[in-house]
Amino acid sequence: MIWEFIQNQILGMKWMSTLIGNLLEKIGLDTSSRMGGSVQFFLYDVLKITILLCILIFMISYIQSYFPPERSKKIMGRFHGIWANCIAALLGTVTPFCSCSSIPLFIGFTSAGLPLGVTFSFLISSPMVDLGSLVLLMSIFGSKVAIIYVIVGLVIAVIGGTIIEKLHLENEVEAFIRKANAVDIDMDEPTQKERLSFAKQQVIDTFKKVFPYILIGVGIGAVIHNWIPESWVEKILGSDNPFGVILATLVGIPMYADIFGTIPVAEALLAKGAQLGTILSFMMGVTTLSLPSMIMLRKAVKPKLLGIFIVICAVGIIIVGYFFNAIQYLLV
């Protein structure tokens, strides 16, 4: 009962939905109508995600202040083999929220001479399974789904990086990165005040960058939630379509958003009858393989390595989608 209260009222903020609905009713807007329901969904999700966004970014940025790029590089450099991939994947959980933000760090780690497979484990993990996604997924799908999602995301990152390492594709990295000379800079340990200031600035900077995608994502979610017939969603993304996972992954790849922009869409799809694994595949496709981030990554690696990276991630995402669909009845 206590955990249900935390999930529904603290993380999910269901009280806010009720409050907004009551306020809209008082001004004469029928929340049971399509328009009224859309307005309620939009206001509730924008406020909920914005509050969670600011709190989570502050907390994670504070943790991140203990793992600057130089320290992360030294930590990863102490490990070898699959353990190095595991550490890189774990470090990815306390770094930026989207793949475009992760790529500059990936380039820096590669230039510093870290094994290619290790840096790719980091690159896969960073946008897919950050700590923010754990909390946000808990607020929508519950703790079981969120925890399993993070675990399988880390597994994809470790396996993907290991495969790339075994293929010996170092020559597929652009020459200007391979030949770059890494410079170790000894930096003073930040004070508590500096850590708090860093976290505050990260909240401001990330909010400015992410908020437009939150509005777009919530807007799409509101349309799906109140205007798209449930039968349509079930037909395309429900259990009757065995290719729903593949379709959702392919649809998600060209888009650009982070976990905060995809959550409201996922929430609306789930309410309309889409399968859990299909929704998670869509989210993973958007956050890990967005078109802008692939264009940016192409500046650092050659087409062959980029193609292998996309195939590994896409196959992993599709497998995860079918896995969650198969066990959905155990989680809901």
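- The two residues Thr288 and Cys313 make their nearest non-hydrogen contact at CG2-SG, 4.2 Å.
- No continuous path of hydrophobic side-chain contacts links Ile63 to Ile204 [ILVMFWY only; heavy atoms under 4.5 Å].
- If you chain together hydrophobic residues whose side chains sit under 4.5 Å apart, Val150 and Ile319 never meet in one group.
- Here the side chains of Leu276 and Phe141 are in contact, with some heavy-atom distance below 4.5 Å.
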Would you sort out whether Leu43 and Leu23 count as a side chain to side chain contact (heavy atoms under 4.5 Å, CB included), showing the intermediate values? CA-CA 11 Å; Leu43 293 176; Leu23 291 174; over 6 Å; no
Could you go through Ile57 and Gln202, starting from their C-alpha distance and side-chain angles, then the distance that decides it, and tell me whether this counts as side chain to side chain contact (heavy atoms under 4.5 Å, CB included)? CA-CA 7 Å; Ile57 291 175; Gln202 286 290 94; 4.2 Å; yes
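- Taking the side chain as every heavy atom from C-beta outward, Leu215 and Phe211 approach each other to under 4.5 Å.
- The minimum heavy-atom distance linking Val245 with Ser281 is given by the pair CG1-OG, 3.4 Å.
- If you chain together hydrophobic residues whose side chains sit under 4.5 Å apart, Leu90 and Val152 fall into the same group.
- With hydrogens and angles disregarded, no donor-acceptor distance shorter than 3.5 Å links the side chain of Ser197 to the backbone of Lys193.
- Although no hydrogens or angles enter the test, the distance criterion places no donor-acceptor pair under 3.5 Å between the side chain of Asn85 and the main chain of Ser121.
- In this structure, the separation between CE on Met284 and OG1 on Thr249 is 9.5 Å, given to the nearest 0.5 Å.
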Begin with the C-alpha distance, continue with both residues' side-chain angles, and end with the deciding distance and a verdict on side chain to side chain contact (heavy atoms under 4.5 Å, CB included) for Leu169 and Val301. CA-CA 10 Å; Leu169 298 168; Val301 303; over 6 Å; no
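- Interatomic distance, Phe122 CZ to Leu114 CG, rounded to the nearest 0.5 Å: 10.5 Å.
- The two residues Gly117 and Glu165 have their closest heavy-atom pair at N-OE1, 2.6 Å.
- The closest donor-acceptor contact from the side chain of Ser143 to the backbone of Met138 lies at 3.5 Å or more, if one exists at all.
- Residues Thr278 and Asn241 have side chains not in contact (no heavy-atom distance under 4.5 Å, counting atoms from C-beta outward).
- Atoms CD and OH, from Gln192 and Tyr62 in turn, are 3.0 Å apart once rounded to the nearest 0.5 Å.
- A distance-only check finds no donor-acceptor pair linking the side chain of Lys272 to the backbone of Pro229 [under 3.5 Å].
- To the nearest 0.5 Å, atom OG1 of residue Thr50 and atom CD1 of residue Ile55 are 11.0 Å apart.
- The two residues Phe207 and Cys54 have their closest heavy-atom pair at CD1-SG, 4.3 Å.
- At a threshold of 4.5 Å between non-hydrogen side-chain atoms, the residues Gln328 and Phe324 do not count as touching.
- Using a 4.5 Å heavy-atom cutoff, the side chains of Ile164 and Leu305 are in contact.
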Give every donor-acceptor pair under 3.5 Å between a side-chain atom in residues 11-19 and any protein atom, sequence neighbours left out.
from, atom 1, to, atom 2, distance (Å)
Trp15, NE1, Gln9, O, 2.9
Ser17, OG, Gln40, NE2, 3.4
Thr18, OG1, Lys14, O, 3.4

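- Expressed to the nearest 0.5 Å, how far CG of Leu116 lies from CD of Glu170 amounts to 5.5 Å.
- In this structure, the separation between CD1 on Ile49 and OH on Tyr44 is 9.0 Å, given to the nearest 0.5 Å.
- Aromatic ring centres of Phe106 and Phe120 lie closer together than 6.0 Å.
- More than 12 heavy atoms of other residues, nucleotides or ligands lie within 6.0 Å of CH2 in Trp227, so this atom counts as buried by the packing criterion.
- For the pair Asp205/Lys209, no side-chain contact is recorded, criterion being any heavy-atom separation below 4.5 Å from C-beta on.
- Residues Tyr66 and Arg195 meet the side-chain proximity criterion, which asks for heavy atoms closer than 4.5 Å.
- For the pair Lys299 (side chain) and Glu174 (backbone), a donor-acceptor distance under 3.5 Å is absent.
- At distances below 3.5 Å, at least one donor-acceptor pair connects side-chain atoms of Glu25 with backbone N or O atoms of Thr31.
- When the side chains of ILVMFWY residues are joined at heavy-atom separations under 4.5 Å, either directly or via intervening members, Val315 and Leu123 end up in two distinct hydrophobic clusters.
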Could you check Ile124 against Phe309 for side chain to side chain contact (heavy atoms under 4.5 Å, CB included), going step by step and ending with a plain yes or no? CA-CA 9 Å; Ile124 296 169; Phe309 170 73; 3.5 Å; yes
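- A continuous path of hydrophobic side-chain contacts links Leu154 to Ile75 [ILVMFWY only; heavy atoms under 4.5 Å].
- Within the 4.5 Å cutoff, the side chain of Leu237 has no heavy atoms near those of the Ile279 side chain.
- Smallest separation of non-hydrogen atoms from Leu137 and Met283: CD2-CE, 3.7 Å.
- Nearest heavy atoms, Phe41 versus Ala268: CZ-CB, 4.2 Å.
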